[in-house]
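First listed ligand is number 1; within each ligand, the first listed atom is number 1. What you are looking at is a predicted structure, and each value in this text was computed from that prediction instead of being measured.
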Amino acid sequence: MDINQVVIPAAGLGTRFLPYTKSIPKEMLPLLNKPALAYIIEEGLAAQRTNFLIITNQSKQAIAHYFAESTELNSLLHAKNSGGFLGNLPQVIQQCRFTFINQNEPKGLGDAISLARGHIDTDYFCVCLPDDIITPEHAGLSQLITHAQQQQASVIAVQEVPRARVSSYGIIVPKKQVSTHLFELADVVEKPSVEQAPSNLAIVGRYVLSTTIFKALDEIRPCAQRELQLTDAISYLLKHTQEKVFAYKIQGSRYDIGTPIGWLQALLTLALENPEYAPSLREIILKYAQ
Ligand code: UTP
C-alpha cells in the first residue's frame, strides 16, 4: 500500500486561543525554539513522508514563510557565523515538498481535508492535526502507517481518556479488539455524553485514510455549527461502504495546544525532557515550589 502525502489542516480560527490567534496562527505557537507545526513535519519525516499539503488561508502567511528558503537570512547568518541557530530547518526545507492549499472560510475539518482531494496520488494518505502534539516526538504517525499497511485499511489514532471527559472528544465504537492496541471499528461518535459514550477511547489528531473519505465528505451534511465534520465522514465510511476502519491506541503522550493550558503543558514537558532547557527550568520551578 502506497501512502505519499500528509495533509495538515491549519486553517481553523483558533478561537480557544484568542486573542493571540487574531494575528498569529496557533500552528505557529512556539514550543521551545520551533513552532508547533515544525514538530508535525518532523513526525512526518520520521515516518519517511516528505510530501506535505498544508491547508491554510490568507491570514496565515507566517506558515508558508517559515517553510520557505530564505537566501537573504541565510547569507546574513552566514556572515555572522550564526547559521547554526536555524537548527535542522534548512535540511527540513530541502527534504520536503510543501504545497499550500487555501481554505477560504473555516467550514470545518472535513471541509479542509476535502480540499486536498486533487493533490492525493495514492489510495491512502495521512492527516496530522497540528494542534495535537505527541511526545516522544516522532512517535505518532509511523505507528499508524505500519498498521494501515498491515490491515490494508484506514487507521485512526486513539488514546484512553477519563470517562468524565469523553464529551470533549470524538469517541470510537469498537466492533472487535484485534490485538492489545488495535480495534476494528463499528462507528465513531462526536462528543457523546458521559452516559451514552460507547467507550473512553478518544480520537487523536493522526489518521491514515482511504481516498474513499472524499466521497463520504461529499455525502454528509454540515453539523449544527455549519462545519463539515471528519468524524461524520468516517462514520459514513463505516455504515455505507464495504471498507473497514481500525483504531490504534498510540503510545506516547498527547497535548492539545489549542488552549493556553494545553500549550503550556506541552511546552513544559518538552523543556523538562530537553537537556538544554531542563536544568534552568527545574531551578525556576523549584524557586516557586518553595
Ligand atoms: P480545531 O477545531 O482544533 O481548530 O481543528 P480550530 O477550529 O482552529 O480551533 P477552535 O475550536 O476555534 O479553538 C483541528 C485542526 O483543523 C484545522 C485547525 O487549524 C486545526 O489545526 N481546521 C479546522 C481547518 O484547517 N479548517 C477548519 O475549518 C477547521
Audit row: Asp123, Thr211, side chain to side chain donor-acceptor pair (under 3.5 Å) steps and yes/no: CA-CA 6 Å; Asp123 289 340; Thr211 48; 4.7 Å; no
The one among Glu27, Lys60, Arg16 that brings a heavy atom closest to atom 19 (O) of ligand 1: Glu27
Those atoms of ligand 1 less than 4.0 Å from some heavy atom in Pro106: 28 (O)
Check: Ala11 N/O within less than 3.5 Å of ligand 1 N/O: yes
Note, Leu31 side chain near Trp263 side chain (heavy atom, < 4.5 Å): yes
Val178 side chain near Glu184 side chain, heavy-atom distance below 4.5 Å: yes
Geometric class of the His147/Tyr248 ring pair [parallel <30°, tilted 30-60°, perpendicular >60°]: parallel
Proximal atoms of ligand 1 relative to Gln103 (non-hydrogen, under 4.0 Å): 24 (C), 25 (O), 26 (N), 27 (C), 28 (O)
Heavy-atom gap Glu105 to ligand 1 smaller than 4.0 Å: no
Ala112 N/O under 3.5 Å from ligand 1 N/O: no
Nearest-option assignment for atom 15 (C) of ligand 1, heavy atoms, candidates Gly14, Gly110, Pro9: Pro9
Close approach, Pro130 and ligand 1, non-hydrogen under 4.0 angstrom: yes
Enumerated ligand 1 atoms positioned under 4.0 Å from heavy atoms of Lys26: 1 (P), 3 (O), 4 (O), 6 (P), 8 (O), 9 (O)
Neighbour count above 12 (heavy atom, 6.0 Å) for Arg165 CZ: no
More than 12 heavy atoms of other groups within 6.0 Å of Lys175 NZ: no
Per-atom contact, atom 11 (O) of ligand 1, protein heavy atoms, under 4.0 angstrom: yes
Heavy-atom side-chain proximity of Lys26 to Arg16 below 4.5 angstrom: yes
Contact (N/O only, under 3.5 Å) between Gly108 and ligand 1: yes
Within reach of ligand 1, part of Glu227 (heavy-atom separation under 4.0 Å): neither
Any N or O of Ile55 closer than 3.5 Å to N or O of ligand 1: no
Residue, atom name and distance, where the atom is the protein heavy atom closest to atom 3 (O) of ligand 1: Asp131 OD2, 2.7 Å
Tyr207 vs Ile113 side-chain heavy atoms within contact, under 4.5 Å: no
Test log, rule side chain to side chain donor-acceptor pair (under 3.5 Å), inputs Gln152 and Gln149: CA-CA 5 Å; Gln152 296 285 305; Gln149 284 172 331; over 6 Å; no
Distance-only N or O hit between ligand 1 and Gly12, under 3.5 Å: yes
Numbered atoms and elements of ligand 1 in range of Lys107, under 4.0 angstrom, heavy atoms: 28 (O)
Contact check: Leu13 vs ligand 1, nitrogen or oxygen atoms, below 3.5 angstrom: yes
pair Asn74-Leu86: side-chain heavy atoms closer than 4.5 Å: yes
Ring-ring centroid check Phe214 Phe125, cutoff 6.0 Å: yes
